[in-house]
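One-based numbering, in listed order, for ligands and for the atoms of each. One-based numbering along the sequence shown.
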Amino acid sequence: MKIVSAKVIVTCPGRNLVTLKIMTDQGVHGLGDATLNGREKAVVAYLQDHVIPCLIGRDPHRIEDIWQYLYKGAYWRRGPVTMTAIGAVDTALWDIKGKAAGLPLYQLLGGKSREAVMVYCHANGADISEAVDSVAAHMAQGYRAIRAQAGVPGLDKVYGVPKGGAAYEPAEKGLPVETVWSSEKYLDHAPKLFETLREKFGFGLHLLHDVHHRLTPIEAARLGKALEPLRMFWIEDPTPAENQDAFRLIRQHTVTPLAVGEVFNSIWDCKGLIENQLIDYIRATVTHAGGITHLRKIAALAEIYQVRTGCHGATDLSPVCMGAALHFDIAVPNFGVQEHMPHTAETDAVFPHAYSYHDGFMHPGDAVGHGVEIDEALAAKYPYDPAYLPIARLEDGTLTSW
Ligand code: CS2
Ligand code: MG
């Protein structure tokens, strides 16, 4: 079998999504998600100008060799653009291999390690009362694990809370929106949200929270300590993770489980965190961390240290990512949880898929490959619409992590 062509499909059914489609001489094609929120066109160019020309004529079954070629052959290793491009190629090649074998992707990854994949959803509210109602609504949909985010008194916009009850989509049209952040106001408020949720719903529900890189290590330690009686499933991205040692300081002060890694793009971003058991869940996923091939290696390292997976699954990852991730999730031995932000109806129409949700769990389905396709004619009806993620400043104007 030979790769004969490949193309990059950019579509915007509510938000920009980038898909790589690889075609072979035997009529089998594969899809990979190449979406990098706010930097989509950089990945499009990297694929079109520097990757696709090198793929033509290659045997698509040689997944590992192509991965090594694109990683080591680039000379300039790692980084979100490079690894998202490699991730898209890798996912498409695993899709092709599954289709050629007549098997669902999970069967190529060792088969099922569980019957279904526990997922967590996003509940949010402009205030604690609204967030409580949102958690109740998601419990009614069967979710057993729920991420809760709420507005913070004194702050106009905070991460994870949409305006006017719309679905949360952080990227906004035009140049980056500037938001104001106060860790002091947040730290006074966040514990109250989870105290209220535990009082209302008890401890039979997994509660998660995304701090979204906002705190210093000692502030994160303070938050983790304050939340200990509330038995969180995890707090995510408590502090920026470029300095992996920062998590040592948090670990010294709290047993609240820590999750990190949605912005990681290689094993080198998390090797220290995992080997020193500074985290409990690794959030990397197929799109941004080099595809199935590399994510398996991250998960294998994590397994040795009893770190579990918790793949990123926001709506700025396409259904192609969700499909591939669910095949990975149902097979990987040290699975933890899968993020599930349902896509819009328009997005689901552009990306017909075999995966399904039922009563707090998802299943990849048994279609061959990863089970996600793209309706190119429909995709063409939604042209790219430039959008950026926000930036954040402290109240004194200092730029900080959004
Ligand atoms: C978030 C994401 O899902 C999450 O945990 O951190 O919403 C993140 O903000 C976006 O994926 C950024 O594009
Ligand atoms: Mg996050």
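Around the Mg ion (ligand 2), protein N, O or S atoms at less than 2.8 Å number 3.
Relative ring orientation between His209 and Phe194 is described as perpendicular, the plane-to-plane angle rising above 60° on a 0-90° scale split at 30° and 60°.
Sorted by first and then second residue, the pairs that involve residues 191-219 and meet salt bridge (charged side-chain N to carboxylate O under 4.0 Å, His left out), not counting sequence neighbours, are Arg147-Asp210. Every pair tested for salt bridge (charged side-chain N to carboxylate O under 4.0 Å, His left out) that includes a residue from residues 306-330 fails, sequence neighbours excluded, so the list is empty.
Residue Tyr159 holds the heavy atom nearest to atom 7 (O) of ligand 1 of all those in Trp402, Tyr168, Tyr159, Tyr120. Distances from atom 9 (O) of ligand 1 to the heavy atoms of His288, His312, His212 show the closest one on His212.
For ligand 1 and Arg283, the ligand atoms under 4.0 Å from any heavy atom of the residue are 3 (O), 4 (C), 5 (O). Taking a cut-off of under 4.0 Å to the non-hydrogen atoms of Asp210, the atoms of ligand 1 that pass are 1 (C), 4 (C), 5 (O), 6 (O).
With hydrogens and angles ignored, the 3.5 Å screen pairs no side-chain donor or acceptor of Asn124 with any backbone N or O of Gln149. With hydrogens and angles ignored, the 3.5 Å screen pairs a side-chain donor or acceptor of His294 with a backbone N or O of Ile267.
The single protein non-hydrogen atom nearest to atom 13 (O) of ligand 1 is Asn37 ND2, 2.9 Å, given as residue, atom name and distance. With respect to atom 8 (C) of ligand 1, the closest heavy atom belonging to the protein is Glu262 OE2, 3.3 Å.
For the pair Met341 and ligand 1, no heavy-atom separation below 4.0 Å is found.
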Result block: side-chain N/O donor-acceptor pairs under 3.5 angstrom for residues 10-17, not counting sequence neighbours:
from	atom 1	to	atom 2	distance (Å)
Thr11	OG1	Ala379	O	2.8
Arg15	NH1	Asn37	OD1	3.2
Arg15	NH1	Glu169	OE2	2.7
Arg15	NH2	Asn37	OD1	3.0
Arg15	NH2	Glu40	OE2	3.1
Asn16	OD1	Asp385	N	2.9
Asn16	ND2	Asp385	O	2.7

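Considering backbone and side-chain N/O of Glu339, one or more are found under 3.5 Å from N/O of ligand 1.
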